[in-house]
Amino acid sequence: MSFKKFIEQADEVIKFALEKLNLQGESYSLTEPAKEDFGDLSCNIAFLLIKKLEKSPYEIASMLIEQYIHNFDEKKRLESTPYVKSVVAHESGYINFKANFDLIGKEILNEILQNDFSYLDIGNGRKVIIEHTSVNPNKALHVGHLRNVAIGDTLYRLLKKTNHNVTVLNYVDDSGLQVADILVGFLYLKFPLIPEDKDLKFDTYCGNAIYVKVNELYEKDPSLVEKRKTLLKKLESGDAEISSFASEITLKVLNDQLKTCWRLKAHYDLLNFESHILNSDLWKNTFQKLRDQRIIKKETEGKNIGCWIFESVDEGIKIIVRSDNTATYIAKDIPYALLKIGTIQDPFKYKVFTNQWDDSNLWITTNDHLENDTHPIFFPAENSITVIDSRQTRLQKIIKEVLNKITEKSNEYLHLAYGPVLLSSRTANMLGINAENNNKSMQMSGRKGIYVDADYVLDTLHSKAKEEIIKRNPEITGADLEGTSEEIAISAMRYSLIKNDLEKEIKFDTIDSLSLEGNSGPYLQYAYARCCRLIEKSRIKSFDCNAINLSHDIEYHLIKHLSKFSIVIEDTIKNMEPKLIAQYAYDLATIFNLFYEKLPILKEKNADISNTRICLVEAIRLMLEMNLSLIGITPLERM
RNA sequence: GGGCCCAUAGUUCAGUUUGGAUAGAAUGGCUGCCUGCGGAGCAGUUGGUCGAGGGUUCAAAUCCCUCUGGACCCGCCA
C-alpha cells in the first residue's frame, strides 16, 4: 500500500507549490522515471508551464521546489509528508522525488507478514458473472481454447481475491450443426460408440476421428448434408429419441473437456445448455419482447424473406430467426445476456452436476422435478463479463446494441476480447499442414483437423518437467514426482497464455512453449522454492520486522516492488489485464534472484541485517504465493 | 468493397491508454560463474533508421494524416 501513499504525498507537494504561486489547474503527471538515478517519481509540471511563465523548465522546477522548501522546514516536511524523502529540480526540468524506503519498508513488511491485505477489497462484495471456456461439445480442447480458459479463470481468481462475488458460467452449445455432425458420424457412418483405442478420450475421438471425417465426406456425398439437416431439425424441435441420444453424446464429450479444464485448475459454478435456454420460456419471452418493441422485424421481400431481422446502425442486417423459425446463434445469446444482467427472471431449476477438483459443486440447469430446490443464486449480476475471442467482436457489438434498446443496464455487459492462438510456421510445418511451406502462422481449425491438442501439449510438458526434476532431485519419486511434474506443466502453460496483451494473437510454437526457463511459469516457481529453502534453513518461526536495517540498493528495490502491489492489482482489475499480474510476479522473482545472487542472507554476520533479509525473503515468498495463486499456478516447495 | 486490429533486436514479446531523460525483457549465438543460501539461476557480449513518409509539439515508439505489408469480421454456420 505504501507506494501509493508516497505518490499521494508527492502530489501534495506539487499542489502546494502550485497553489502558492497561483498556478493551479495544470494536469501534470507523476510517473516513475526511466532511470533509478533520477529517483522514484518524476513530475513533468515544469514543461507544461514553459509558455505561461516564459522561463526554462529548470527555472520553473527550481521555483516550485523553492516554495515547498521555503514554507516547510525539515521537521515540518517530515511530519506532513513522511513518505517523501527528498525533492529536487533536475537540470532537465523534471522535479524528482525520492521515497522514504526505511519507513515504507517497515510498513510493507509488517503488512505482508501480518497478512494485512485490506486494500484488496476493491469489489466490496459486488456480484460479477464471468462466462468462459464455452467450447462446442463435439471435440477436445486445443491450445486455442486454453487461452480462453486461462484468461477467464485468472480473472475469476483476481475478482474473487478482490472481494467480488463471482459466478463462473460455462455455456454449452449442445444444439447446433456441429453436434449434428457428430450424430451423422454415429448414426450414418456407423462409428462405434466406444472408440477401438480404449485409451482415447471420447472428446478427442469425436473431434479427431469423427468430426474431421464427416466434414471431409460432405464434399463427396451431398446426401449426408441432407441427413445432417434432418437431424438438426429433429434436435431443435426436441425429438425425443434424437435429443436423448445427442444429450448422451454431448455430455460424454463435455465430461472429457472438463477433465482438461480441471487439469488446468479452472473453476466453474454453472453449466448452461443452449437446449435448456431454447426449451425454457427464456427464448419465447425474449422473442416476444423483441417483436413487441419492434426491435426486430419480419422481412416480407428480398433474399431474407420470412426471416426476423435486426438492423444494426453500424453492422448492417443480422438475421435473428430463420425463415423456418429456428433461432440463430446470436439469437440465443440475447436471452442469455438479459438473464445475466437481470432484465428477465431466472426460469431455471438447478441440480448439482458434479463435485469438481477444488471440492466445489458444479451446477447444471434441469427440468427434472426436484424435492429440494435449494441452490446458490446464480443470476443476475451487477457486471457480466464474457470471454470470447476477437473474431466475435462484431456479433458481440450487435448483441450489445440489441440490449441497449431493451434495457439501460446494457453497459453492465462486457465482451472481453482476446486474440486467437495461431500455430507458428515451424509447428505447422512439423504437423505437415503448411502446404505452402512459407513463414506465415496458421489459423487453427477444428473442422479441418488443424490444431494442437491441449492434453497432448500438457502431457509433453509434464514429461519434460519430469526429466528435469529427475536430473536435479532424484530423491523425488512416485506420486510426488508425478504431481510436481504436472504442476510445472500447468504453470508453463497458464503463464504463457496470459503473459501477453489480450488483443495480440499468440503464435504457438511447440518447441518454444516447452521451455521451462526465462520468462516462464517455472521460473516463478523456482524463485518460490528458493525462498522456501531459505526460510526452512533459517529455522525462524516468527518474524520481527520492526527493527529492520536496510543496507543495500537491492533491498530497496525489493521494498519498492513489494510496495507497488496494491497499485498493480488495482490496474489489473480496472483495465481487465491479467498480464499485469504476470509481469509483476516475474519482476519480483527477477529482483529476488538478483538479491539471492549478490547478498548473503543466512550467512550474513550482522544479525540485524541478516534478520532484515530473512524478513524480506518471507515477504517475497508470501507475495509470490499470492501472485502465483492468482494466475492459477501452484507454488512448489521443491521442484 | 465496408469494418476492425496489428507492425519495436535473428525470433517471441514489454513499453503506446496518460508524449518526456540513454527504447527494455526473454530466447537464440558467443563468454564467464556451482566443495558456497538450489545453476530451472546470475553476469557479460552480440543484436534495433520502433514498417515508410508527412504533421502537431520545447519533446513522438507513444498523438494526427497518408501510404505499405499482414491478420480477422462482414453466412437463413456456431
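In the text below, chain A, chain B and the rest are named by the order of the sequence lines, each starting its count at 1. Worth saying up front: this structure is predicted, and the values here are computed from it rather than measured.
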May I ask you to say what A/K51 touches in the nucleic acid, namely base, sugar-phosphate or nothing, with a heavy-atom cut-off under 4.0 Å? sugar-phosphate
N/O donor-acceptor pair, side chain A/N44 with base B/A21, under 3.5 angstrom: no
With a non-hydrogen cut-off below 4.0 angstrom, is A/Q583 in contact with a base, only sugar-phosphate, or nothing? sugar-phosphate
Out of A/K466, A/E467, A/M639, which residue meets the side-chain contact (heavy atoms from CB on, under 4.5 Å) rule with A/S485? A/K466
A/Y586 side chain near B/G24 phosphate (N/O to OP1/OP2, under 4.0 Å): no
For B/A43 and B/A25, measure between their P atoms and round to the nearest Å. 10 Å
Is there, by distance only and without an angle test, a donor paired with an acceptor across the side chain of A/S323 and the base of B/C76 below 3.5 Å? yes
Nearest-Å distance, CD (A/E597) to P (B/C33)? 13 Å
Should A/D512 and A/R426 count as an ion pair when the cut-off is N to O under 4.0 Å? yes
Between B/A21 and A/F38, is there a base-stacking contact, meaning the centre of the base's six-membered ring lies under 5.5 Å from the residue's ring centre while the planes stay under 30° apart? yes
Taking any heavy-atom pair under 4.0 Å as a contact, classify A/Y526: base, sugar-phosphate, or nothing. base
Could you state the atom-to-atom distance from CG of A/D37 to P of B/U22 in whole Å? 12 Å
Could you check whether A/L534 gets within reach of a base, just the sugar-phosphate, or nothing at all, counting any heavy atom under 4.0 Å? base
Just checking A/D501: base, sugar-phosphate only, or nothing, at a heavy-atom cut-off of under 4.0 Å? sugar-phosphate
Looking only at atom C1', what distance separates B/A61 and B/C13, rounded to whole Å? 15 Å
How is A/D181 classified with respect to the nucleic acid when contacts are heavy atoms under 4.0 Å: base, sugar-phosphate, or nothing? nothing
So what does A/S42 touch, heavy atoms closer than 4.0 Å: a base, only the sugar-phosphate, or nothing? base
Measure from the side chain of A/E517, starting at C-beta and using heavy atoms only, and say which of B/G41, B/C5, B/G15 lies closest. B/G41
May I ask you to say what A/R533 touches in the nucleic acid, namely base, sugar-phosphate or nothing, with a heavy-atom cut-off under 4.0 Å? base
Tell me: CD1 of A/I330 to C1' of B/C77, nearest whole Å? 13 Å
Check the distance between B/U17's P and A/L502's CG and give it to me in whole angstrom. 18 Å
Verify the distance criterion only: is there a donor paired with an acceptor across the side chains of A/N170 and A/T133 at less than 3.5 Å? no
When the C1' atoms of B/G24 and B/U62 are considered, how many whole Å apart are they? 15 Å
Can B/C73 be described as syn, meaning its chi torsion is within 90° of 0, or is it anti? anti
Using a 4.0 Å heavy-atom cut-off, does A/L594 contact any base of the nucleic acid, only the sugar-phosphate backbone, or nothing at all? sugar-phosphate
Is the phosphate of B/C72, meaning OP1 or OP2, less than 4.0 Å from a side-chain N or O of A/Q443? yes
Polar side-chain atom of A/K139 near backbone of A/G446 as donor-acceptor pair, under 3.5 Å: no
Between the side chains of A/N627 and A/Y584, does any donor sit under 3.5 Å from an acceptor? no
Any donor-acceptor pair under 3.5 Å linking the side chain of A/N44 with the backbone of A/F47? no
Residue A/S92, side-chain atoms from C-beta onward, closest of B/A21, B/A14, B/G38: B/A21
Just checking A/L599: base, sugar-phosphate only, or nothing, at a heavy-atom cut-off of under 4.0 Å? base
Winner on side-chain proximity to A/R391, out of B/C42, B/A21, B/C72, is B/C72
Describe the nucleic acid contact of A/E505 in one word from base, sugar-phosphate, nothing, applying a heavy-atom distance below 4.0 Å. sugar-phosphate
